[in-house]
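Reading through the structure tokens given below for one structure.
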Amino acid sequence: MRMLMHLLFVMLGVVTSGLLVQTQFQSGFISIDCGLPEGKDYTEKSTGINYISDTNFIDSGVSKMVSNEDKITHQQQFSYLRSFPNGMRNCYKISVTSGIKYLIRASFLYGNYDGLNEPPQFDIHLGSNLWDTVKLTNASQSSYRELMHTPTLNYVHICLVNTGNGIPFISAIEFRNMDFNNVYETSGATTLARLAGLDFGSFTNLTYRYMDDFHDRLWEPYSNDQWTQLHNPISNDLRSNDYELPISVILTAATPRNANGVSLDFYFDALNETTQQRSYFFLHFAEVQKLAPNETREFNIAINGEYFYNLLLTDHFVLTIPYSSPENVFYKKNNISLVKTEASKLPPIINALEIYQAKDFSQLETQEDDVDAITNIKKVYRVAQNWQGDPCAPVAYMWEGLNCNFNGTPRITSLNLSSRGLTGHIAVYISKLTKLESLDLSNNSLIGEIPVFLVENLPSLRVLNLQNNNLTGLIPNALLQKSSEGVLSLRLGQNPNLCESGPCDQQTKDKSKENNPVIYIIASVSAFLMLLLVVLAAVNIIHIKKRKLKDDVYIHMESGDPLESKRRQYSFDEVVNMTNNFEKVLGRGGFGTVYYGIIDDIPVAVKMLLQSSVQGYQEFLAEVKFFMRVHHRNLTSLIGYCNEDDNIGLIYEYMANGNLNEHLSGKTTRKKFLTWEDRLQIAVDVAQGLEYLHSGCKPPIIHRDVKCTNILLNENFQAKLADLGLSKSFIFSGDTHVSTMVAGTPGYLDPEYQTSNKLTEKSDVYSFGVVLLKIITGEAAAASKAHNNAHISQWVGSVVARGDIERIVDPSLEGDFDIYSAWKAVEVAMACVSISSKERPYMRDVLVELKECLAVELARKNGAKDSNELVTMNPVTEISPIAR
Ligand SMILES: *[C@@H]1O[C@H](CO)[C@@H](O)[C@H](O)[C@H]1NC(C)=O
Ligand SMILES: *[C@@H]1O[C@H](CO)[C@@H](O)[C@H](O)[C@H]1NC(C)=O
Ligand SMILES: *[C@@H]1O[C@H](CO)[C@@H](O)[C@H](O)[C@H]1NC(C)=O
Ligand SMILES: *[C@@H]1O[C@H](CO)[C@@H](O)[C@H](O)[C@H]1NC(C)=O
Ligand SMILES: *[C@@H]1O[C@H](CO)[C@@H](O)[C@H](O)[C@H]1NC(C)=O
Ligand SMILES: *[C@@H]1O[C@H](CO)[C@@H](O)[C@H](O)[C@H]1NC(C)=O
Ligand SMILES: *[C@@H]1O[C@H](CO)[C@@H](O)[C@H](O)[C@H]1NC(C)=O
Ligand SMILES: *[C@@H]1O[C@H](CO)[C@@H](O)[C@H](O)[C@H]1NC(C)=O
């Protein structure tokens, strides 16, 4: 019965491919030279294996070199090593493909790298399990450990653990894909230590590996006094089997030295009596001699005194016999005997043998989502202490500040980062630690609001300590409620700007920075409507794109733009990094919050959209990608975006001087006084941007939300239109308007659009007119109050009718402007805000007029006396060329 079982295991020399056929070179290989400096990757001369530096797999340890003598007597991967003088456990994290069987090899050569001539002893772990103890005795002898392992996660941790017997180090780590032809099947065991790969009868005494072995198993020569060598002189009639053994290994065999010898006997010591794991052998045979017809070679295999298998070698096919030791029986010494049968003319032979022993790798690794989350938290807060390898297991090396639950897959239940100098916001990654029961972030410098995910995503949270930080805003109600119900122990003291109920000090401060509370609220509501519109618009754009495929792409690329190479999608991690975990808030609006960030030393503004508005945004992102390619010097450039989980962000070029509104409204809060010339230049800039969208783009783009807060100023006070990604493009020809819901900002909104829902480029012209009136009059809000809340166009209109230009132009200019230029600007503005869109000019006309205004004002400043003369010249040709 047992024999039958074993027979089923036997792979009967199935011919697959010729032994020498090698198709993909080093596919499934990961070859890491530990300690090798970055950028020094190389191909090892004797094997042709490409080794890479380990710097991307570990962030601790120091690079060292073995002694010169040891350098020249070993393969190149042994020259460098990485040594770990600090920390109890140092870990490599290596990406692999889960579910694939790998041969994992760790190699060591001490080589007296530290000049102490004391080879150390230390432990090596794979993930959360002890792999082996590495005890080195000979400084000049390389040593290795091999595992046959199928990772369950898509990464593997290899850790070197200091056990107090010297400083751990490692020379090389290699992964080889063993997932071919279903070989090395072992009942039950998932992880095996490869104790030996023996090459019998070797004539060269060489250790074979890649390229002799396409799978880069190691084959060491083995012989003893009682044996002699046999060698097959003709290799081309040898047929491989599924194990794809190297020809140089299989061509030689051992046989009893004595011509009358009847048996080959050998034994090996199993590892670690304490754990008593099962052993697995793979015996490889192939006839090496040319047999006469009357010659036979037949023998029985007995293992530990028990008959196991009868073998009759007839031809030059490779035959592999796998053996697994019985369960619950452990032999320290394993005897293998090959005994000639009575009928056999020739003595037994054996060509190669592999010996494996199961490993007890029962300690599970921490749940992968928890690992991802805590790894991100480590990154965000730059946790400096020795957080390496698996966070929870083994328990002795659990990360400091964590606690875990070990019922089944380990889960993180407690996170304590108290007094660790944390800055920035409460990291969203904490919300991914879904089994968290206790969170202590006290005594740090955290800012921002208390996120509601602490309640929503962490149902098991029982302890929350955020005291002694710099958190702001309202405490989420749900948190207070849980606390009052006694479910949550909540500590929030010593956060001076935190408040329990509105109105919150901090919030009112924020609001007062915005222009007018009423407008602020309306803006948020309209922003919500805009979001809906954006989705509609996006559908429209996709439609257009299909139809316009053959059209010239209108996109303009400015050469030498330092941001050009940065335009792309960014991961949330990268956004966290560039904003230093959302450290600095630039502003808040209906869409979300804008943060300061840096990409490769270039400042950027990162607008994180409200999480509640994220649904249906795939179309939106298609539009964003589209707008990433629209460039004009008067449009704020969209550099990139982020779309990961619920985190949607837009990354814009940074505009150092904020928005136009901040420089126009309220004399006291005014940041910089804008002269008449400055104002005209800004108007021209904005007009150029708009004109480009309307006439320079195919299909034309309607901005839809032209207003002072959407006009941003860079360090040179050059104006650029913002929020481009939220506008809408459409085709003029045959489709002169698009019916949508009413959107835009009250006060700037085209009245015709409001009643008809027909959106044309003239809607932007109207909004621009309002902007221009605000630029001219200076203080929009106050002005409209002073005029019984009449729309700015109405009261300006009534003043114009009376010919009273001084009353229209911002009094703080104190008459320091050319009167003709001012009149003309007012005229242009009034034309733009005509009730009927037909009466409004096109942006190209507006631009011509405004440039003339500017030219006149410039001429006045430059001391030209007769402004009339100047008016007759053609301003368009005089102004520097328009960037497109
Ligand atoms: C150490 O190993 C080297 C190379 O295998 C060998 O030549 C030397 O004799 C060994 N030394 C000792 C003390 O075993
Ligand atoms: C191989 O090693 C054995 C014993 O270690 C030795 O007797 C034999 O001469 C060696 N053969 C070669 C070719 O070096
Ligand atoms: C043998 O197994 C025991 C129990 O798991 C372990 O404590 C010991 O370190 C192991 N020894 C070696 C050499 O692996
Ligand atoms: C086998 O046959 C050969 C001739 O082919 C002969 O010389 C030899 O003696 C035979 N050997 C035995 C053991 O019968
Ligand atoms: C293995 O062989 C040795 C002699 O070489 C013998 O003493 C021992 O009992 C054998 N073990 C088994 C399990 O057969
Ligand atoms: C967190 O650790 C600090 C010491 O670093 C300790 O005082 C505090 O009690 C811990 N918090 C929790 C919730 O265990
Ligand atoms: C707060 O943290 C600082 C270091 O960041 C430490 O020096 C101080 O003792 C801590 N205070 C408390 C009350 O834990
Ligand atoms: C807390 O934050 C405010 C701004 O929100 C800042 O002015 C203040 O300096 C911060 N205080 C500390 C102790 O970091």
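Whatever order the structure lists them in is the order used to number ligands and atoms, beginning at 1.
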Please report, to 0.1 Å, the donor-acceptor pairs under 3.5 Å made by any side chain of residues 115-123, with sequence neighbours excluded.
unit_1 : atom_1 : unit_2 : atom_2 : d
D123   : OD1    : T133   : OG1    : 2.8

Indicate the ring-plane relationship of H425 and F582, choosing parallel, tilted or perpendicular according to the 30° and 60° boundaries.
tilted
Considering residues at least two apart in sequence or located in another chain, which fulfil the salt bridge (charged side-chain N to carboxylate O under 4.0 Å, His left out) criterion with E400?
R420
If we ignore angles and hydrogens, is there a donor and acceptor under 3.5 Å between the side chains of D390 and T366?
yes
If I apply the N/O under 3.5 Å rule, does N138 come out as touching ligand 1?
yes
Disulfide bond (SG atoms under 2.5 Å apart) partners of residues 375-470, not counting sequence neighbours, each pair once:
C392-C404
Filter the ligand 6-protein atom pairs down to N or O on both sides and distance under 3.5 Å, then list them.
unit_1   : atom_1 : unit_2 : atom_2 : d
ligand 6 : 2 (O)  : N416   : OD1    : 3.3
ligand 6 : 2 (O)  : N416   : ND2    : 2.2
ligand 6 : 11 (N) : N416   : ND2    : 2.8
ligand 6 : 11 (N) : D440   : OD2    : 2.7

Would you please classify the geometry between the F282 ring and the Y243 ring as parallel, tilted or perpendicular, with 30° and 60° separating the classes?
tilted
